[in-house]
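Report on the following structure.
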Amino acid sequence: MPNIKGAIKRVKQSNAANVQNSHVKAAMRTAVRKADAAIISEDENAQALLKDAVKKVDTAARKGLIHKNTAARQKSRLTKKAQ
C-alpha cells in the first residue's frame, strides 16, 4: 500500500473502476453467450436476447472495455447467425 495520500486515493479509484469494468464486461459476455445459445436452439425469445447482447456490447465498447472493431465483429457474427 502506498504512503502518499494521492497514491492511496488513486489505488482506491482504480479498484472501484476495476469492479465496475469487470461487472460490465462479465454482463456483456453472459448476454452474448445467452443470445448465441438461443439462436442456435431457435428459441422464440432469441431476438430479444440478441437485442440485449448488442446493447451490452455497444456499452462495453463505449466505455473502452473492448475495441470498437471487436464490438462490431461480435455484433456482426451474432446477427449473421440469427438470420
The reported gap from CD in Gln20 to CG in Leu65 (rounded to nearest 0.5 angstrom) is 9.0 Å
When rounded to the nearest 0.5 Å, the distance separating CD of Gln74 from CZ of Arg29 is 9.5 Å
Inset, instruction - Could you tell me whether Asp58 and Lys75 make a salt bridge, using a distance below 4.0 angstrom between a side-chain N and a carboxylate O? - result: yes
- Message: Quick check on Gln13: does its CD atom have over 12 non-hydrogen neighbours (other residues, nucleotides or ligands) under 6.0 Å away?
- Response: yes
For Ala31 and Ala53, the nearest pair of non-hydrogen atoms, with its separation, is O-CB, 3.6 Å
### Message
Does atom CD1 (Ile40) have a neighbourhood of more than 12 heavy atoms from anything else shown, all under 6.0 Å?
### Response
yes
Checklist entry - Can Asn18 and Ser22 be counted as having a side-chain donor-acceptor contact under 3.5 angstrom? => result yes
**Request:** Decide whether Val24 and Val54 are clustered together by the hydrophobic rule: side chain heavy atoms of Ile, Leu, Val, Met, Phe, Trp, Tyr closer than 4.5 Å, transitively.
**Result:** no
One should read off an interatomic distance between Lys68 NZ and Thr70 OG1, to the nearest 0.5 angstrom, of 11.0 Å
For Ile8 and Asn3 the tightest heavy-atom approach is CD1-O, 3.9 Å
Rounding to 0.5 Å, atoms CG (Asp43) and NZ (Lys34) come to a distance of 12.0 Å
Rounded to the nearest 0.5 angstrom, the CE-NE2 distance for Met28 and His23 is 12.5 Å
Of Val32, Ile39, Asp36, the one forming a side chain to side chain contact (heavy atoms under 4.5 Å, CB included) with Leu50 is Ile39
field: Test: Asp52 and Lys56 ion pair at under 4.0 Å
entry: yes
Is the backbone of Ala37 close enough, under 3.5 Å, to the side chain of Ser41 for a donor and an acceptor to pair up by distance?
yes
Exercise for the section: Take Lys55 and Lys51 through the test side-chain contact (heavy atoms from CB on, under 4.5 Å) and record every step on the way to the result. Expected result: CA-CA 6 Å; Lys55 185 177 178 182; Lys51 186 177 179 182; 5.9 Å; no
Rounded to the nearest 0.5 Å, the CD1 atom of Ile66 sits from the CZ atom of Arg73 at a distance of 9.0 Å
